[in-house]
Amino acid sequence: MTTEPPQKERIAKRMARAGLCSRREAERWIEAGRVTVNGMLLESAAFTVAPEDKITVDGKAIPALERPRLWRYHKPPGLVTSHKDEKGRDTVFDKLPEELPRVISVGRLDLNSEGLLLLTNDGELARKLELPATGWKRKYRVRVHGHPRESDMQKLAKGITVEGVRYGSIDGTIDSAKGANSWLTIALREGKNREIRKVMEYLGYSVSRLIRTSYGPMSLGDLPAGAVDEVRSKILREQMGVEKFEDQAATANTGQRAPRGKRQGALKPKANSPRPTTAPRKQGTLKARPSPKKSN
C-alpha cells in the first residue's frame, strides 16, 4: 500500500493564498529576512512548503488557509487603494467593516476614481482576475470636459500610443452631452495605470469623474457608496473556476481567521472613523489587498 506524498507549493504562493500579500510582495518579505519555515530563516523565495509546515512572518504564524471569498465594494472618491499610504491619506482598507477578514484588492482604482472594486481573501484569486489573459471586460461611466466625436471613439477602438506606451483597443460610446461636459461609456480589458485618464487627455478631453460600473460578470448595481456585498459561491465556481474548499485540517481548527482589525499587519482604524454598513446578505451566499499594478 502506498501513500500519496503531501502536495507542496511555492512559499510565495502559499503566503498569497493566505491573503497576506501578493506573490511579489511575499518575495520581497523573504528577501528582507522576515519569513521563517519550521524555525529556519528563508533567504530565497525558491522554496516549497507542505501543508503541515509552520510558516511565520515577523515571528507570527500566518493564517490557516480558508476557502476563497470575494466581495463587491463600492469605493467612494478620495480613498487610496493601499493598505498604507505614505502621505497619511485615508485608504480603502481603513474604511471597511470590522467583521471582514484581511483582504486585498483585485487591481486598483486611483484616488479620485469611484465605483466597483473587488476584494478577496485569496491572493491567487486576485492575481487570476487581474490578468489580461482572463479576458474580463471592465466598464466605466466617464464624464469629460468637452464634446468627443465618433472619430475619437474610432481612434480608441484601433488603439493608440501615449508617451511611448501602447494602449490596446478600447470600446467607447458617447452617451450624452450637457453644457460643457459629456458622458461616455468606456470598456477595456487590460487596464494599465490611469489608462482612461491618459488616453482621454491625449485626445484633448480631461476626465472630471470616473466610475467603474462592472468587472467581468460582477456589476456595481445599486450597491451604496462605502458598502460591501459578497459574491455567491456558485459564481466563484462557475465564473472563476474556484474549486470547492474542503480542508479537513482547517475544518478541525476551531479558530477562524481573525477579523481584519486584529490580524497580523492590519492597520488599526482611526478612533472617529465612520464605518459603512454592510449591504444585506442573501441566503446561500459566501460570507465572502492592493495589487501593485493597474489603476484607473
Side-chain angles (χ1 to χ4, degrees), residues 1-71 82-84 93 100-107 118-131 133-134 231 233 236-237 240-267 286-294:
M1 179 177 180
T2 60
T3 58
E4 186 176 338
Q7 185 176 4
K8 289 193 172 186
E9 60 185 340
R10 295 289 286 254
I11 178 68
K13 181 178 180 180
R14 172 67 178 82
M15 292 169 63
R17 290 179 63 209
L20 289 175
C21 54
S22 67
R23 284 196 196 185
R24 289 184 180 180
E25 193 172 5
E27 290 169 357
R28 290 194 291 268
W29 290 3
I30 292 167
E31 292 172 359
R34 298 176 58 187
V35 181
T36 67
V37 178
N38 300 327
M40 179 184 70
L41 182 66
L42 291 190
E43 297 179 353
S44 169
F47 191 89
T48 59
V49 293
E52 68 273 13
D53 287 331
K54 297 180 180 179
I55 307 167
T56 67
V57 176
D58 298 333
K60 298 180 180 179
I62 70 171
L65 290 179
E66 296 181 357
R67 65 181 182 272
R69 301 173 182 176
L70 188 71
W71 289 261
S82 173
H83 280 274
K84 187 176 182 181
F93 303 96
L100 261 67
R102 184 167 175 81
V103 293
I104 61 178
S105 66
V106 178
L118 298 181
L119 306 171
T120 178
N121 65 336
D122 190 301
E124 283 301 294
L125 178 58
R127 179 174 176 271
K128 178 180 179 180
L129 301 185
E130 289 169 355
L131 291 174
T134 303
V231 176
S233 56
L236 288 178
R237 293 194 299 269
M240 305 171 205
V242 175
E243 297 180 1
K244 186 175 181 181
F245 186 88
E246 294 180 352
D247 190 323
Q248 294 180 354
T251 304
N253 187 358
T254 56
Q256 294 188 358
R257 182 177 298 189
R260 181 179 56 84
K262 298 184 182 299
R263 296 213 32 226
Q264 172 180 313
L267 292 176
L286 286 173
K287 293 187 187 290
R289 97 222 168 261
S291 168
K293 53 189 175 183
K294 303 174 186 172

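In this text the structure is predicted, and so the values were computed from the model without any measurement. Side chains included, hydrogens not; waters and symmetry mates left out as well; all remaining heavy atoms used.
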Just verifying a value: how many Å separate [X] [atom1] and [Y] [atom2], rounded to the nearest 0.5 Å?
X: Arg34; Y: Lys60; atom1: CZ; atom2: NZ; result: 10.5 Å
X: Arg28; Y: Glu31; atom1: CZ; atom2: CD; result: 8.5 Å
X: Trp71; Y: Thr120; atom1: CH2; atom2: OG1; result: 7.0 Å
X: Ile30; Y: Leu42; atom1: CD1; atom2: CG; result: 5.5 Å
X: Phe93; Y: Leu100; atom1: CZ; atom2: CG; result: 10.5 Å

Taking all non-hydrogen atoms of both residues into account, name the closest pair between Leu118 and Leu70 and its distance. CB-CD1, 4.2 Å
Grab the two heavy atoms, one from Pro68 and one from Leu125, that are nearest each other, plus how far apart they are. CB-CD2, 4.3 Å
Any sub-3.5 Å donor-acceptor pair from Asn121's side-chain atoms to Val103's backbone N or O? no
Partners of Glu27 by side chain to side chain donor-acceptor pair (under 3.5 Å), sequence neighbours excluded? none
Sorted by chain and residue number, the side chain to side chain donor-acceptor pair (under 3.5 Å) partners of Glu9 (sequence neighbours excluded) come out as Arg17
Candidates Asp53, Thr48, Val49 - the one meeting side chain to side chain contact (heavy atoms under 4.5 Å, CB included) with Ile11: Val49
Partner of Arg23 under side chain to side chain contact (heavy atoms under 4.5 Å, CB included), chosen from Arg14, Glu124, Met15: Glu124
